[in-house]
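Structure first, then comments.
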Amino acid sequence: MRVLQRMNNHSQHYQRIYSTRGGILKGTPTFMGLDTNKELAEEYIPVRALLLGLLGRDPSAQEIAIINKVICLNLYPDIRIWTMRTGALSISNGAPFSSAYAASLAAVNSKIYGVQPLLDCAEMLRAYDPEEGLKPFVDRLRSERSIIPGYGRPLIPGPDERVIRLEELLRKEQWTPGKSYKLLKEIEFILQQDKGLYINYAGAVAALLADPPFNLDRKSMEVITMEMVHLPLLFSIVDIGQHHPKDAPLLPLKISDINYTGRSKR
Amino acid sequence: MAMSAVMNPGPRHEQNRAAMSAAIGGCPPGASLMAGMGCSQGEKEGGTMVEYTMEMLKSILKEAHPLDCKKLEKRWNRGYGIPGFGLIYGNRDLQAKRLYLLLTKERASLPMVSLLSSLEPYIAGERNEYMKIQGVFAALMADLGFRSDQGHGLYMIASSAGMLTHLCERYDEHWSQYPSWFREGEYIYEGFAKDE
């Protein structure tokens with residue numbers, strides 16, 4: 001009782017806290033107006049709850065199915081990939097699991113993979129003004145940037161097999177491409193001819209989320225991206241932590257691989 | 001002196017590689033540092049190793065037991081060897097010895113540093129392992145009166161300098177310049193397989 005009294009004394013000096021998502025309200029843990037112990041636990045699967053939180057309304061079966069597929073198509077843990085490598089390095093150095101996870105999540109904030117290309121692609125598609133014309137728009141992008149977000153794949157040339165499969169699965173869900181997705185494809189046609197570039201998974205997902213029925217803003221897209229990446233990151237860490245904690249095949253560098261080109265010794 | 005000694009464990013070290021792996025993709029410095037710091041608290045060669053070394057040394061001094069390597073191992077080896085000791089890339093850590101000599105030259109009375117050094121012959125004999133730079137750092141932190149959690153944090157702060165240097169260098173490079181191997185035969189899957 002004394003602890004609660006002390007806490008309540010402190011709260012008189014602070015501003016109120018506002019939340020649009022939930023909290024422990026009058027003793028009841030709540031998410032988006034639903035009691036987590038009752039309705040949420042009984043009726044919701046995680047993807048449905050995720051979309052409820054982002055859209056502010058109960059998602060349709062189609063929307064749930066689409067996001068489920070988006071997540072599963074990306075669920076391959078491979079520690080050769082930079083984000084997963086960061087987590088694997090951390091766990092192999094004996095860092096706590098959550099720190100290894102935090103390290104790999106920090107590495108998701110990258111320009112050439114992860115969150116940034118997805119967000120930049122959505123922004124780029126939304127910024128297109130039809131009055132400019134498609135070819136001039138693409139030419140301008142190419143002159144302004146070395147990497148056009150949403151296109152190209154550093155490691156594997158050619159079409160991104162996840163995009164091909166995503167489109168097949170989306171059509172089965174009676175999805176029709178919206179304005180952003182159509183623009184994405186039109187830009188691909190030009191880039192493919194000129195530079196041999198194809199849409200990558202970040203681009204496809206960005207356009208999908210920018211269009212109806214999702215119409216997500218930047219912050220919400222970040223949430224979906226984190227949902228897409230967190231399982232492969234976690235499993236990469238588990239894999240190394242459980243099976244190869246000390247001998248992780250993490251491509252050790254040799255001294256001969258390091259070339260020092262800095263100042264010489266005084 | 002000690003913070004300089006641990007400032008940069010080099011570009012082959014896991015924590016620097018974690019930061020570099022993030023930076024090569026264009027992660028901002030803060031995110032890349034976070035990636036490295038997440039790694040640098042490790043039990044193998046990071047802040048947690050420093051913390052355990054300090055605790056181990058303090059308990060040996062407090063309990064005043066005769067040195068028994070097997071008991072030490074049983075009590076303190078949590079999968080990464082006896083804290084403060086080991087090998088670096090398969091060899092003895094020469095930096096550790098150098099730091100030890102510099103410290104003892106600088107200041108005569110360093111009981112924890114001396115204790116660490118006195119453990120070395122026993123551990124070398126049993127396990128063929130020697131003092132590591134993180135171990136000497138830990139011993140000095142204990143001598144200076146820091147708590148083990150503070151020693152943990154101080155190690156992480158000190159070694160973040162090298163992390164920042166190496167990660168920033170990546171910003172001038174193309175992603176393909178940072179060693180990556182994606183050859184088929186070098187990645188072997190041995191997990192669950194769906195029934196045919």
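So you know, we letter chains A, B, ... as the sequences are listed, proteins then strands, and number each from 1. Source: prediction; values computed, not measured.
- Shortest non-hydrogen contact noted between B:Ala31 and A:Ala106 is O-CB, 3.2 Å.
- Residue A:Lys111 holds its NZ atom at 11.5 Å from CD1 of B:Ile24, rounded to the nearest 0.5 Å.
- For B:Tyr171, the OH atom is densely surrounded, since the number of other residues' heavy atoms within 6.0 Å is greater than 12.
- Side-chain contact between B:Glu14 and A:Ser90: absent, with no pair of heavy atoms (C-beta onward) separated by less than 4.5 Å.
- Ranking B:Ala23, B:Ala35, B:Ala22, B:Gly47 against chain A, the residue ahead of the rest is B:Ala35, based on heavy-atom pairs under 4.5 Å.
- The candidate with the highest count of non-hydrogen atom pairs below 4.5 Å against chain B, out of A:Ala102, A:Pro96, A:Ser104, A:Gly87, is A:Pro96.
- For CD of B:Glu106, the number of neighbouring non-hydrogen atoms (other residues, nucleotides, ligands) closer than 6.0 Å is 12 at most.
- Formation of a donor-acceptor pair under 3.5 Å by the A:Asn93 side chain with backbone atoms of B:Glu45 is found in this model.
- Other residues, nucleotides and ligands contribute at most 12 non-hydrogen atoms within 6.0 Å of the CZ atom of A:Phe235.
- Here the closest non-hydrogen pair linking A:Ser92 and B:Lys44 is O-CD, 3.6 Å.
- Of the listed residues (B:Gln41, B:Met49, B:Met34), the one with the most heavy-atom contacts under 4.5 Å to chain A is B:Gln41.
- A 4.5 Å side-chain heavy-atom check between A:Thr86 and B:Cys39 finds every atom pair outside the cut-off.
- Among B:Gly25, B:Ala19, B:Ala18, B:Gly36, the residue with the largest count of heavy-atom pairs under 4.5 Å with chain A is B:Gly25.
- When all heavy atoms are compared, the tightest approach of A:Arg85 to B:Ser21 is CD-OG, 3.6 Å.
- The closest side-chain heavy-atom distance from A:Tyr113 to B:Trp175 is not below 4.5 Å.
- Comparing B:Ser40, B:Pro28, B:Gly46, B:Ser32 by how many heavy-atom pairs each has under 4.5 Å with chain A, the most go to B:Pro28.
- What you find for A:Ala107 and B:Cys27 is that their closest heavy atoms are O-SG, 3.2 Å.
- Taking every heavy atom of both residues into account, A:Ile91 and B:Tyr80 meet most closely at O-OH, 3.9 Å.
- Options A:Val108, A:Ile112, A:Asn109 differ in how many heavy-atom pairs under 4.5 Å they form with chain B, and the most are formed by A:Asn109.
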